[in-house]
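Following: one structure in structure tokens, then a few remarks.
Owing to the predicted nature of the structure, the values given are computational and were not obtained by experimental measurement.
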Amino acid sequence: MQNLEARQQAERRGKRSETIAAMFLIVKGYRILGRRVRTHAGEIDLIARAPSGLICFIEVKQRADLRAAAESVIPRQQARIARAASLYLAKRPALARKGVRFDIVAVGPFPRHFRDAFRADDWRRGAA
């Protein structure tokens, strides 16, 4: 029973953090294209179009230390996000032509946006 409660609380915190991140990005001029987008490879927290037109796949992390939040997206998770993004774009080739970026929004006392936080091929170098 305690485990279920803890998971439900974590789920609520995650949704709250994603809402904060989405609002933060909207204020910066981003257009949210998707929230909690599920693919066979996994879930993408946020997908947004940057003011420049790039399509951004955004991982949201909540931590007291914002730098630690950004660094907590390990190569295995980067690979999962990149695979999920590839599946998402395969069904939307027009979006893929606009260019792609992988960002992290760390939510703590204040949100912080880490643009171009990793590349789709970075995880391969870490695994080699």
Would you give the length of the straight line joining atom CD of Glu71 to atom CG of Leu66, rounded to the nearest 0.5 angstrom? 11.0 Å
Gap separating the CZ atom of Arg63 from the OG atom of Ser72, nearest 0.5 angstrom: 4.0 Å
Shortest non-hydrogen contact from Asp45 toward Val60: OD2-N, 2.8 Å
Please examine the side chains of Arg16 and Gln62, heavy atoms only from C-beta on, and report whether any two atoms are closer than 4.5 Å. yes
One should read off an interatomic distance between Ile47 CD1 and Ile32 CD1, to the nearest 0.5 angstrom, of 10.0 Å
Hey, could you give me the CD1/CD distance between Ile104 and Gln77, rounded to the nearest 0.5 Å? 8.0 Å
Are more than 12 heavy atoms, taken from residues, nucleotides or ligands other than Lys15, located less than 6.0 Å from that residue's NZ atom? no
Would one find more than 12 heavy atoms of other residues, nucleotides or ligands at under 6.0 Å from atom CZ of Arg115? no
Taking all non-hydrogen atoms of both residues into account, name the closest pair between Ala85 and Ile44 and its distance. N-CD1, 3.7 Å
Under 3.5 Å: donor-acceptor pair, side chain of Arg80, backbone of Arg76: no
Residues Thr39, Arg83; criterion side-chain hydrogen bond (donor to acceptor under 3.5 Å, both in side chains); working and verdict: CA-CA 9 Å; Thr39 71; Arg83 282 192 306 273; over 6 Å; no
At their closest point, which heavy atom of Ser17 faces which heavy atom of Val107, and how far apart are they? O-CG2, 3.7 Å
Smallest heavy-atom separation, Lys98 atom then Gly53 atom, equals CB-O, 3.5 Å
Is the backbone N or O of Asp116 less than 3.5 Å from a side-chain atom of Asp103, with the two atoms forming a donor-acceptor pair by type? yes
Step by step, would you call Phe57 with Leu33 a side-chain contact (heavy atoms from CB on, under 4.5 Å)? CA-CA 10 Å; Phe57 294 92; Leu33 303 176; over 6 Å; no
Nearest heavy-atom contact between Lys61 and Ala69 is CG-O, 3.7 Å
Between Val73 and Leu25, is there a shared hydrophobic cluster once you connect ILVMFWY residues whose side-chain heavy atoms come closer than 4.5 Å? no
Shared hydrophobic cluster for Ile81 and Leu46 (ILVMFWY, side-chain gaps under 4.5 Å): no
Looking only at heavy atoms, which two atoms of Ala41 and Ala84 are closest? And how far apart? CB-N, 3.6 Å
Check: Tyr30 ring centre within less than 6.0 Å of His113 ring centre: yes
Are Arg112 and Phe110 in a cation-pi contact, defined as NZ or CZ under 6.0 Å from the six-membered ring centre and within 45° of the axis? no
For residues Ile58 and Phe114: do they belong to one hydrophobic cluster (side chain heavy atoms under 4.5 Å, members Ile, Leu, Val, Met, Phe, Trp, Tyr)? no
I need the Arg97 CZ to Leu89 CG distance, nearest 0.5 Å. 11.0 Å
Transitive ILVMFWY side-chain link Leu87 to Val37, under 4.5 Å: no
For the pair Phe118 and Phe102, name the ring-plane relationship: parallel under 30°, tilted 30 to 60°, perpendicular over 60°. parallel
Regarding Arg36 and Glu59, does a basic nitrogen lie under 4.0 Å from an acidic carboxylate oxygen? no
